[in-house]
Visitor: 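Input: one structure, supplied below.
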Amino acid sequence: MSNLKNGGRPPLTYQSFVNIAGEPPEPVVEEYSVIPLIGDTGEYELFPVPKLEELGYGDISQEDVPLFRGGETEALKRMRESLQDKEWVAKFEKPKGDPSAFLKPATTVLSPYLKFGCLSSRYFYHCIQDVYMSSKMHTKPPVSLTGQLLWRDFFYTVSFGTPNFDHMKGNKICKQIPWKESEELFVAWRDGRTGYPWIDAIMIQLRRWGWMHHLARHSVACFLTRGDLFIHWEKGRDVFERLLIDSDWAINNGNWLWLSCSSFFYQYHRIYSPISFGKKYDPNGDYIRHFIPALKHMPREYIYEPWTAPLSVQEKARCIIGRDYPKPVVDHAAASKECRDRMGEAYASSRLGGGDPAIKGKKASNSRQRKVSEYAPDPSKSKQPKKSR
DNA sequence: TCGTTGTTGTATCA
DNA sequence: TGATACAACAACGA
C-alpha cells in the first residue's frame with residue numbers, strides 16, 4: 001500500500017478511514033470533469049488488496065465463520081435462495097421473525113448487500129413482485145418483504161430532509177430527553193457484560209458476526225436507552241455504526257430514534273423484557289449458550305436469569321455468577337420503572353414547550369404521518385452530513 | 001374534543 | 001394460540 005502516489009498526502013491505510021474510536025475522518029474528495037477510461041488509473045498506481053492483518057485484524061481462524069461473502073454474485077445467489085421459498089416470501093411478516101434463530105436466520109440477511117450496493121433494491125423489489133404474482137395471497141406493507149424496502153426508502157427520505165437527523169440537539173423531530181451519563185453501564189452494554197444473557201448474547205453476536213436479527217437489535221437498543229440504562233441513543237448508534245456490517249447511516253439513525261422513543265414511535269411504556277422476550281422464542285436458551293460459553297451448562301430454568309440459580313446449581317454448571325459471568329448491572333423491574341417515569345417527565349416537558357432551545361419556535365413534533373413534501377431538502381439550510389461509509 | 005390508529009410489549013387466562 | 005387487561009403516548013381526522 002505504500003506505493004500509492006497520492007498527491008503528497010500520506011498513504012491511505014485502514015486506519016485512515018476508521019480510527020481507534022471508530023470516527024471516520026473527513027473524506028478526501030476528488031473532482032473529475034470527465035469519467036476516466038476503465039483501466040486508466042492516472043497518476044495512481046494499483047496496489048494489491050490488503051490482507052486482513054494489514055486491516056488491523058489478528059488471527060481470526062478461531063472466530064465464528066462470518067456469514068457474509070461479499071460481491072454481487074453472492075448477493076444474487078442469496079436473493080434467489082431466499083425467493084425460492086415462495087410460500088415463505090408470500091407470508092413474510094417482519095414482526096413475527098425469530099430473533100434467536102442464528103443457524104438459519106429468520107430474515108433474508110440481504111441488508112449487507114443492499115448497503116454496499118451488491119444488490120439493487122429495485123431489482124430485489126421486482127423479483128419479490130414476481131413471486132407475489134404467482135401467489136394466491138401475500139402479506140402487504142409495512143410488514144411484508146417489500147414493506148422492508150419501503151421502510152428503507154422512508155428513512156432515506158426523512159433523513160435527507162431533516163437537519164441534524166443524527167443528533168438529538170438541533171433535530172426538530174427528536175424528543176429532547178435528559179439521558180444519563182454512565183460510562184460504566186455503557187461499556188457493560190457495549191461489551192456484552194450486562195449480566196442479562198439475552199442482551200449480552202446479542203451484543204456478542206454483533207461483535208462476532210456484524211449482524212443480528214432486527215428484533216434482537218430492538219431488545220438491546222431498548223435496554224440501552226428507555227428500557228433500562230437510560231443512556232443516550234447516540235452512544236448506541238455509534239456502536240452499531242462501527243460494528244454492523246449492514247450499517248446504513250439513515251436506517252441506523254432512524255431506528256435508534258425510533259427505539260429510544262425520540263421520534264416516530266412514542267409508546268415508551270412498551271418495554272422489551274431482557275428476560276421474557278428472548279425466552280418466548282428460545283426457551284432452552286440455545287442462542288445464549290452458543291454465544292456465551294460460560295453459560296453453556298446452566299439449566300434451562302435459569303438460563304435467562306442465572307443470578308437466581310442456587311449456588312449449588314451454579315457450581316454444577318461451572319458458572320459462578322459474579323465470577324464466571326457478571327451479575328446484572330441493574331434490576332430490570334426497578335430500572336424500567338424509573339425509565340418510564342423519566343420518559344414521562346421528558347414528554348411532559350416537551351408538551352409544555354420545553355424542548356431544544358436550539359430550535360426556536362418549533363415544537364419537537366411527531367413526523368409519523370407528515371406530508372412527504374416536508375421532507376424535501378431546504379436549500380437555505382446547511383448540507384446534510386455526508387458519511388463516507 | 002374525541003375516537004382511532006400505530007411493523008414488532010408483557011402478563012395472564014382460557 | 002388468541003383474547004384481554006394493563007397504562008397510556010402522538011398524531012390524525014371528523
Side-chain angles (χ1 to χ4, degrees), chain A residues 89-101 105-108 111 128 138-155 157-158 162 171-177 196 198-199 202 212-228 251 254-283 304-305 331-355 362-375:
Chain A
V89 173
K91 288 183 176 172
F92 183 93
E93 278 185 76
K94 187 64 167 283
K96 292 192 177 168
D98 177 354
S100 70
T107 56
T108 62
S111 52
I128 299 168
H138 60 82
T139 50
K140 301 212 160 37
V143 296
S144 64
L145 215 44
T146 48
Q148 305 317 303
L149 287 170
L150 296 179
W151 280 109
R152 179 174 179 269
D153 270 57
F154 169 75
F155 284 125
T157 309
V158 70
T162 306
N171 180 346
K172 69 176 180 179
I173 68 164
C174 181
K175 291 276 185 195
Q176 302 300 304
I177 296 165
Y196 285 92
W198 171 247
I199 300 298
I202 294 167
M212 67 284 210
H213 186 275
H214 185 69
L215 290 179
R217 300 179 195 201
H218 278 217
S219 284
V220 295
C222 180
F223 188 88
L224 177 73
T225 57
R226 66 183 171 83
D228 288 84
I251 300 171
N255 275 307
W256 276 97
L257 282 162
W258 188 300
L259 259 298
S260 63
C261 284
S262 295
S263 197
F264 309 116
F265 174 76
Y266 305 95
Q267 289 170 269
Y268 58 80
H269 39 271
R270 290 191 182 172
I271 292 173
Y272 290 87
S273 164
I275 297 154
S276 50
F277 186 72
K279 198 187 277 184
K280 183 166 67 177
Y281 299 96
D282 177 22
Y304 285 87
E305 301 168 88
D331 170 62
H332 173 65
S336 60
K337 168 77 173 63
E338 194 187 328
C339 282
R340 255 186 276 251
D341 292 346
R342 283 172 181 256
M343 290 297 287
E345 285 165 19
Y347 272 41
S349 165
S350 95
R351 276 196 298 274
L352 292 169
K362 288 178 182 170
K363 187 175 169 284
S365 65
N366 188 340
S367 67
R368 184 166 56 88
Q369 291 177 15
R370 290 197 309 167
K371 294 185 187 75
V372 170
S373 60
E374 287 188 56
Y375 296 122

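Side chains are part of it too, since the values below use all heavy atoms of this structure and drop only hydrogens, waters and symmetry mates. Being a predicted model, the structure only gives us computed values, none of them experimental.
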Visitor: Categorize A:Glu93 for me: base, sugar-phosphate, or nothing, with a 4.0 angstrom heavy-atom threshold over every strand shown.
Guide: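 Touches nothing.
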Visitor: Specify the separation, in whole Å, of atom NE2 of A:His269 and atom P of C:dA10.
Guide: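 Distance check: A:His269 NE2 to C:dA10 P gives 10 Å.
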Visitor: Give the rounded distance in Å between these two atoms: CZ of A:Arg226 and P of C:dA10.
Guide: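 Whole-Å distance recorded here is 14 Å.
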Visitor: May I ask you to check whether A:Phe264 and A:Phe154 place their ring centres under 6.0 Å from each other?
Guide: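 Yes.
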Visitor: What's the gap between B:dT7 and C:dG13 when it is taken at their P atoms, as a whole Å value?
Guide: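 Rounded to whole Å, the distance is 15 Å.
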Visitor: Grab the CG-P distance between A:Asp341 and C:dA7 for me, whole Å please.
Guide: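 It works out to 14 Å between those atoms.
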Visitor: Rounded to whole angstrom units, what separation is found between the CZ atom of A:Arg270 and the P atom of B:dT7?
Guide: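 Nearest whole value for this atom pair: 10 Å.
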Visitor: Regarding A:His218 and A:Tyr272, do their side chains bring together a donor and an acceptor under 3.5 Å, going by distance alone?
Guide: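 Checked: A:His218/A:Tyr272 side chains pair up, N/O donor to acceptor below 3.5 Å.
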Visitor: Quickly work out the A:Tyr266 OH to B:dT7 P distance and round it to whole Å.
Guide: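 Rounded to whole Å, this separation is 12 Å.
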Visitor: Looking at the side chain of A:Gln148, which of B:dT7, B:dT8, C:dA10 is the nearest nucleotide?
Guide: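 The closest nucleotide is B:dT7.
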Visitor: Is there aromatic stacking of A:Trp151 against B:dT7, centre distance under 5.5 Å, plane angle under 30°?
Guide: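 So yes, this residue stacks on that base, both cut-offs being met.
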Visitor: If the condition is salt bridge (Lys or Arg N to Asp or Glu O under 4.0 Å), which residues does A:Arg340 pass it with, not counting sequence neighbours?
Guide: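 Expected list: none.
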Visitor: Using the C1' atom as the reference point in each nucleotide, state the distance between B:dG6 and C:dA8 in Å, no decimals.
Guide: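 My reading of the C1' atoms in B:dG6 and C:dA8 gives 13 Å.
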Visitor: CD of A:Glu338 to OG of A:Ser336: how many Å apart, nearest 0.5 Å?
Guide: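 A:Glu338 atom CD to A:Ser336 atom OG measures 10.0 Å (nearest 0.5 Å).
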Visitor: With sequence neighbours excluded, tell me which residues meet salt bridge (Lys or Arg N to Asp or Glu O under 4.0 Å) with A:Lys280.
Guide: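 Salt bridge (Lys or Arg N to Asp or Glu O under 4.0 Å) list for A:Lys280, sorted by chain: empty.
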Visitor: Start with the C-alpha gap between A:Asp282 and A:Trp198, add the side-chain angles, then the distance that decides, and say whether side chain to side chain contact (heavy atoms under 4.5 Å, CB included) holds.
Guide: CA-CA 10 Å; A:Asp282 177 22; A:Trp198 171 247; 5.6 Å; no
Visitor: Quick one: A:Gln267 CD to C:dA10 P, roughly how many Å, whole number?
Guide: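 Atom-to-atom, A:Gln267 to C:dA10, this comes out as 10 Å.
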Visitor: Using whole Å, what does the distance between atom P of nucleotide B:dT7 and atom CZ of A:Arg217 come to?
Guide: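 After rounding, the reported distance stands at 19 Å.
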Visitor: Taking any heavy-atom pair under 4.0 Å as a contact, classify A:Lys279: base, sugar-phosphate, or nothing.
Guide: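 It contacts nothing in the nucleic acid.
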Visitor: Fit a plane to each ring of A:Trp258 and A:Phe265, take the angle between them on a 0 to 90° scale, and name the class: parallel (under 30°), tilted (30 to 60°) or perpendicular (over 60°).
Guide: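 The rings of A:Trp258 and A:Phe265 lie parallel, inter-plane angle below 30°.
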Visitor: Please pick, from B:dT8, B:dT10, C:dA10, the nucleotide with the shortest atom-to-atom distance to any side-chain atom of A:Lys175.
Guide: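 Of all the options, the side chain of A:Lys175 is nearest to C:dA10.
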Visitor: For B:dT1 and C:dA7, measure between their P atoms and round to the nearest Å.
Guide: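 Approximately 25 Å lies between the P atom of B:dT1 and that of C:dA7.
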Visitor: Whole angstroms only, please: what is the OH-P distance between A:Tyr268 and C:dC6?
Guide: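 Value for this atom pair: 18 Å.
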Visitor: So does A:Ser276 get a side-chain nitrogen or oxygen closer than 4.0 Å to the phosphate oxygens (OP1/OP2) of B:dG9?
Guide: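 Answer no for this pair, as no side-chain N or O of A:Ser276 is under 4.0 Å from OP1 or OP2.
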Visitor: Identify all stems in which DNA chain B takes part, counting only runs of at least 3 consecutive pairs (Watson-Crick or G-U wobble, each distance under 3.5 Å), and give each as one range with another, ordered by first number.
Guide: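 Result, WC/G-U stems under 3.5 Å: B:1-6 with C:9-14, B:9-14 with C:1-6.
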